[in-house]
Amino acid sequence: MKKLFALLLAFMLLFLTACNNKPADSTLGTGTGTGTGTTNSPNQSQPSELDVKDTIVFNLNQGFIDLPSRTIYEKSGTMYYYSKVDGNAYVYCYDPLCEHNNGDCMANPDMSFNARYIFFINNRFYYPISSGKIISFSFDGTDKKIEYDGEYNGDLNVWGHSLSVGPYIYIELYSFASEDGIAHTLRFNVETGEMEDLTEKTGNYIRPNFFYNGMLYGYGQGIERVKTNLDLTYCEEIEPIPSSSDHFSGSRFFGIYNSQGHASIRLYDMKTETLETYDIEGWNEGDGIYTLYADENYFYFYKNDKILLGEIWQRGKLKPTYKYNDGSIYRVNHDGTGLVCIYEEAEFTITGSEAIIVGDQFLVFGQNVRVRDNQTETWDNGLLVGTIGADGKIDELKPVEVVE
């Protein structure tokens, strides 16, 4: 009954969207690669270069696709969405008769999930597949289309890194798949369906990494860093950027870096070309850090630590087993001040590489684990959610309810 109600509600929302002639979830400027709400999300419809002055556009998020009404994630080969309206999760397919097993819906799109290479443009999802195809789905997870087929021989991976800006998807073509034996930069226009080989047209190449102020930044044919305009008619070799990471806001990259047991915060501003470095006040020297999430004010991270759980039977022998974080989540200001533990549970362990904050909800992949009677016991495995209180701390992490 819950699923039927959810389906009816979804269809009503889609109908209202069509009547208002405004694409659902195509709003710009509602999220960022860090979830700050101050720049454009790397997985939302991308604006034109005129709309993103002094703003980084970067596709490096791997675990979540954040849209205004929902957050998309994958578990055990199936794609789900977490609803920001009711806090439940649903299989990403609105067809009640679909079996989700033939690649014809977004719940099982017949490709590995990597949010870095899934682009939401003009209210459709576009997937450049490494074998040389681009497939798309409508917002409701149906209407699968093959937008482009390069017809490369075999099942080899011929496409590498990709980046979306405006109506364009820039794609790296590996050298072994090109006729001249060098890597090429391709550009697909989702509005016209045209695929261009920009390297063949201009002689220039870039492995696209991020976009800033009308320019693409990335790597050339070797290890050199380059920047180009959108048509690749201009290409310039540049100095390495001191700090570019998967966290950014406006014109600034920022991240926590570990070097020889020392953790520091580094903020690099593309606009001013300046680098700021801060120590984390109160953090123990030598403790490793793994960043889960960042927003316009804070970093959220955990201690990368090897914790002995106990001994378990393996092949007739008792052997030690471990987890690799202590069950605590920390928060710190961008300038290294204000360090605080916002969640602590001895039997909890983080299993994913990132988290995301939706309103006052903190979402992260994890589980509870312990050793009892020389056997490992796990429970509450999967996407967990907890409410961030007024004091900034998480009350409790509980499994997100999946509505079947």
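Everything numeric in this text was worked out from a predicted model, so none of it was measured.
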Are Phe253 and Phe210 near enough that their ring centres are under 6.0 Å apart?
yes
Compute the centroid of each ring, for Phe211 and then for Tyr170, and state whether the two points are separated by less than 6.0 Å.
no
Given 3.5 Å as the limit, does a donor-acceptor pair link the side chain of Thr337 with the main chain of Asn333, or not?
no
More than 12 non-hydrogen atoms from neighbouring residues, nucleotides or ligands closer than 6.0 Å to CD on Glu236, yes or no?
yes
Minimum heavy-atom separation for Tyr268 and Glu273, please, with both atom names.
OH-CA, 3.4 Å
Identify which one of Lys145, Lys144, Glu147 satisfies the side-chain hydrogen bond (donor to acceptor under 3.5 Å, both in side chains) criterion when paired with Ser136.
Glu147
Ser175: which residues meet the side-chain hydrogen bond (donor to acceptor under 3.5 Å, both in side chains) condition with it, sequence neighbours left out?
none
Which residues pass the side-chain contact (heavy atoms from CB on, under 4.5 Å) test with Tyr322, sequence neighbours left out?
Lys306, Leu308, Pro320, Tyr324
Using the side-chain contact (heavy atoms from CB on, under 4.5 Å) criterion, which residues pair with Ser138? Sequence neighbours excluded.
Arg124, Asp140, Thr142, Asp143
Non-neighbouring partners of Ile388 that pass side-chain contact (heavy atoms from CB on, under 4.5 Å), sequence neighbours left out:
Ile357, Phe362, Ile394
Pair Ser328-Tyr302, side chain to side chain contact (heavy atoms under 4.5 Å, CB included): steps then yes or no
CA-CA 6 Å; Ser328 298; Tyr302 66 84; over 6 Å; no
Using the rule given for side chain to side chain contact (heavy atoms under 4.5 Å, CB included), can you reason through Leu163 versus Phe58, listing the C-alpha separation, both sets of side-chain angles and the distance that settles it, and then say yes or no?
CA-CA 8 Å; Leu163 173 69; Phe58 199 10; 5.5 Å; no
Please report whether the ring centroid of His334 lies less than 6.0 Å from that of Phe254.
yes
I need the Ile350 CD1 to Leu292 CG distance, nearest 0.5 Å.
4.5 Å
Heavy-atom distance under 4.5 Å between the side chains of Leu339 and Tyr330, does that happen here?
yes
Contacts satisfying salt bridge (Lys or Arg N to Asp or Glu O under 4.0 Å) that involve residues 185-198 (not counting sequence neighbours) are Arg187-Glu196, Arg187-Asp231, Glu196-Lys201
Restricting to side-chain hydrogen bond (donor to acceptor under 3.5 Å, both in side chains), what partner residues turn up for Thr199, sequence neighbours left out?
none
Residue pairs passing the salt bridge (Lys or Arg N to Asp or Glu O under 4.0 Å) test where at least one lies in residues 172-185, sequence neighbours excluded:
Glu172-Arg207
Can we call the ring centroids of Phe301 and Trp283 under 6.0 Å apart?
yes
Would you check if the side chain of Asn189 reaches a backbone N or O of Gly193 as a donor-acceptor pair within less than 3.5 Å?
no
Got a second to check how far Glu401's CD is from Asn88's CG, nearest 0.5 Å?
4.5 Å
With sequence neighbours left out, which residue pairs that include part of residues 323-345 fulfil the salt bridge (Lys or Arg N to Asp or Glu O under 4.0 Å) condition?
Lys303-Asp326
Would you indicate whether the side-chain heavy atoms of Tyr290 and Ser353 approach each other to under 4.5 Å?
yes
Working for side-chain hydrogen bond (donor to acceptor under 3.5 Å, both in side chains), residues Asp360 and Thr387
CA-CA 6 Å; Asp360 63 353; Thr387 301; 5.3 Å; no
Holding to side-chain hydrogen bond (donor to acceptor under 3.5 Å, both in side chains), I want the full list of residues that pass it with Asp149, two or more places apart in sequence or in another chain.
none
Leu186 side, atom CG; Leu173 side, atom CG - distance, nearest 0.5 Å
5.0 Å
Between Thr274 and Thr272, does the side-chain hydrogen bond (donor to acceptor under 3.5 Å, both in side chains) criterion hold? Intermediate values first, please.
CA-CA 5 Å; Thr274 56; Thr272 61; 2.7 Å; yes
Short question: side chain of Thr185, backbone of Ile206 - any donor-acceptor pair under 3.5 Å?
yes
Inter-residue atom distance His184.NE2 - Leu232.CG, 0.5 Å rounding:
11.5 Å
What residue among Tyr81, Phe137, Phe120, Phe119 forms ring pair (Phe, Tyr, Trp, His ring centres under 6.0 Å) with Phe125?
Phe120
Applying side-chain hydrogen bond (donor to acceptor under 3.5 Å, both in side chains), run through Asp95 and His100 and close with a yes or a no.
CA-CA 9 Å; Asp95 183 353; His100 318 310; over 6 Å; no
Should we say atom NZ of Lys84 is surrounded by more than 12 heavy atoms from elsewhere, each under 6.0 Å from it?
yes
Are Met79 and Pro109 side-chain neighbours, meaning at least one heavy-atom pair lies under 4.5 Å?
yes
Sequence neighbours excluded, the answer for side-chain hydrogen bond (donor to acceptor under 3.5 Å, both in side chains) partners of Thr291 is none
Any chance you could measure Tyr92, atom OH, to Glu74, atom CD, to the nearest 0.5 Å?
15.5 Å
Under 3.5 Å, is there a donor-acceptor pair between the side chain of Asp380 and the main chain of Pro399?
no
Given side chains that start at C-beta, do those of Leu397 and Val385 come closer than 4.5 Å, heavy atoms only?
no
Between CD1 on residue Ile356 and CG on residue Leu363, distance to nearest 0.5 Å:
7.5 Å
Looking at every heavy atom in both Thr321 and Val371, which two are closest together, and how far apart are they?
CG2-CG2, 3.6 Å
For Thr378 and Asn368, what are the C-alpha separation, side-chain angles and deciding distance, and is it a side chain to side chain contact (heavy atoms under 4.5 Å, CB included)?
CA-CA 6 Å; Thr378 62; Asn368 289 303; over 6 Å; no
Stepwise, does the ring pair (Phe, Tyr, Trp, His ring centres under 6.0 Å) test hold for Phe64 with Phe365?
CA-CA 11 Å; Phe64 298 96; Phe365 286 97; 5.6 Å; yes
With Gln314 via side-chain contact (heavy atoms from CB on, under 4.5 Å) - residues at least two apart
Ile312, Lys319
Donor-acceptor under 3.5 Å (Asp295 side chain, Tyr298 main chain)
yes
Heavy-atom pair of closest approach, residues Phe299 and Ala294
CD2-CB, 3.8 Å
Under the rule for salt bridge (Lys or Arg N to Asp or Glu O under 4.0 Å), what residues qualify as partners of Lys75, not counting sequence neighbours?
none
Is it the case that the ring center of Tyr117 lies less than 6.0 angstrom away from the ring center of Tyr126?
no
I'd like to know whether Asp269 forms a side-chain hydrogen bond (donor to acceptor under 3.5 Å, both in side chains) with Ser251, so could you lay out the CA-CA distance, the side-chain angles of the two residues, the decisive distance to 0.1 Å, and finally the verdict.
CA-CA 6 Å; Asp269 195 324; Ser251 63; 2.7 Å; yes
